[in-house]
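Chain letters run A, B, ... following the sequence lines, proteins first and then strands; every chain starts at 1.
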Amino acid sequence: MSRQPFSSLSLNPALLQAIDVLGFKQMTPIQAATLPPMLEGHDVIGQGPTGSGKTAAYGLGLLSRIDPALSRTQAMVLCPTRELADQVAREIRALARFMPNIKLSILSGGIAKRPQLASLEHDPHIVVGMAGRVLEHLDDGMLKLADLKVLVLDEADRMLGADFEAESRAIVEHAPKARQTLFFSATFPDAVRGLSRQLQKKPKEIVVAGDSGAQVTQTFFEVAPERRIDALAHLLSRHRPESALVFCFTRNDARDVEAQLKKRGFEVLGLHGDIEQRERDEVLVRFANGSARVLVATDVAARGLDIKDLAAVISYELPEDPDQHVHRVGRTGRAGKSGIALHLYTPREHERVRDIEDHLQIRADIEKLPATLLPDRPMPANVVTLCVDGGRRDKLRPGDLLGALTNEVGVVKEAVGKITSFDTRTYFAIEKKLAERVLKRLREAKIKGRKFRVRPID
DNA sequence: AAAAAAC
């Protein structure tokens with residue numbers, strides 16, 4: 001199939017400019033297949049491999065239908081985790097960068113409602129969020145959907161699965177009948193296709209052949225339950241991936257594995273539902289920055305998260321649902337990059353391997369662990385993440401803060417790796433050997449007459 | 001079992 005440039009579509013020049021700045025060249029197959037029907041106003045079911053640009057596809061689709069001059073909520077995206085909602089919001093903001101004054105609000109739980117209420121006072125053009133908090137705002141009458149044109153269910157099979165179905169449906173009830181409804185995911189069980197008939201109108205069904213993880217080498221290892229943690233340490237010590245996301249079945253397991261690995265000298269972060277949201281956000285920033293190379297998580301991290309250049313996915317335990325396995329593995333090998341996936345299973349979980357084989361029509365590569373496992377070889381990180389607190393939003397926006405800091409403190413500029421900004425905070429990744437010096441300079445720096453709080457978050 | 005509103 002020949003790849004086409006975005007310019008072959010009748011996209012708004014502001015969007016084409018953003019696409020150019022973001023460095024997107026041609027459309028990916030899922031983008032090329034879903035954008036034309038979306039631009040014509042059709043409902044769409046878009047199934048495409050993990051890491052193939054589905055967010056940009058529906059992001060461009062919904063932004064194309066927004067009238068910036070109309071201060072009403074015209075598009076809404078629902079996601080299954082808070083971290084994913086944040087990421088989707090960042091991506092849409094980046095695409096909307098050259099559109100005039102597009103307002104986007106993130107409506108997720110785990111944080112105070114008050115700032116969200118303020119953001120809803122003048123209706124945002126776009127809302128990205130989680131079903132629960134969105135429903136609260138709808139019930140309170142603070143979020144109004146009378147002018148909604150586009151509703152997106154990201155990870156649609158999850159949003160319409162048993163856990164979220166009722167909430168998703170309740171939200172759809174609040175939306176106008178005349179709307180465009182878009183479903184996107186890498187996986188669509190038949191049951192969800194059935195639900196589409198109730199929520200969508202004559203959807204165009206697009207399936208881009210699922211070579212999810214084509215660039216990922218997968219290997220399965222059988223292990224006795226009592227050797228599981230040793231096997232994990234062995235795999236880490238043996239492969240020493242630049243970064244590794246380790247999946248556990250339960251929060252308890254995730255907490256245990258995190259603690260055990262720490263005890264053995266590994267630098268590890270944890271991400272799961274028992275951790276406070278603020279901490280979860282920081283953990284993800286630190287991991288993405290490379291200030292720890294191992295992240296132990298539950299399936300909260302299984303879907304959608306785009307962690308740049310993630311080298312390895314490791315299943316400490318396999319999920320029961322083979323689709324969930326597809327999503328986990330899809331955290332690596334994104335956008336044509338390569339990756340490895342290593343999976344541990346006990347004899348009694350062998351059936352899960354079979355299910356994966358049947359479901360994905362693959363032959364699992366099963367390898368034996370050596371009788372003698374390798375000694376622990378921890379993987380120290382060579383960067384540190386600094387958090388710069390920019391104070392109140394109305395005083396200084398993240399962009400200004402960043403510009404001010406890099407100008408003022410020259411050393412930062414050369415030392416900075418990745419940068420992530422949230423509402424009032426900016427995170428810098430800095431090489432460890434430079435960190436102390438930079439930290440000192442930043443602490444002394446006054447920008448626009450104000451002092452900033454700077455702290456390492458490691 | 002996980003996630004998720006919130007308490």
Under-4.0 Å salt bridge between A/K263 and A/D376: no
Quickly work out the A/E155 CD to B/dA3 P distance and round it to whole Å. 15 Å
Gap between atoms CG and P, on A/L153 and B/dA3 respectively (whole Å): 21 Å
Could you list the donor-acceptor pairs under 3.5 angstrom formed between side-chain atoms of residues 55-64 of chain A and any protein atom two or more places apart in sequence or on another chain?
{"unit_1": "A/Y58", "atom_1": "OH", "unit_2": "A/D154", "atom_2": "OD2", "d": "2.8"}
{"unit_1": "A/S64", "atom_1": "OG", "unit_2": "A/L60", "atom_2": "O", "d": "2.7"}

Length of the CZ-P vector between A/R352 and B/dA1, whole Å: 11 Å
Please report, rounded to the nearest Å, how far the P atom of B/dA3 is from the CZ atom of A/R158. 9 Å
Report yes if at least one side-chain N or O of A/R328 is closer than 4.0 Å to OP1 or OP2 of B/dA2; otherwise report no. no
Provide, to the nearest angstrom, the distance between the CG atom belonging to A/L78 and the P atom belonging to B/dA3. 19 Å
Residue pairs passing the salt bridge (charged side-chain N to carboxylate O under 4.0 Å, His left out) test where at least one lies in residues 320-347 of chain A, sequence neighbours excluded: A/D299-A/R328, A/D306-A/R334, A/D309-A/K337, A/E320-A/R352
Name the orientation class of the two ring planes belonging to A/H350 and A/Y345 (parallel below 30°, tilted from 30 to 60°, perpendicular beyond 60°). parallel
Closest listed nucleotide, where the reference is the side chain of A/T298 and the choices are B/dA1, B/dA2, B/dA5: B/dA2
Is the distance from OP1 or OP2 of B/dA5 to the nearest side-chain N or O of A/R82 less than 4.0 Å? yes
Quick one: A/E317 CD to B/dA2 C1', roughly how many Å, whole number? 12 Å
Expressed as a whole number of angstroms, how long is the span from A/F249:CZ to B/dA3:C1'? 13 Å
In whole angstroms, how far is the P atom of B/dA3 from the CD atom of A/E167? 15 Å
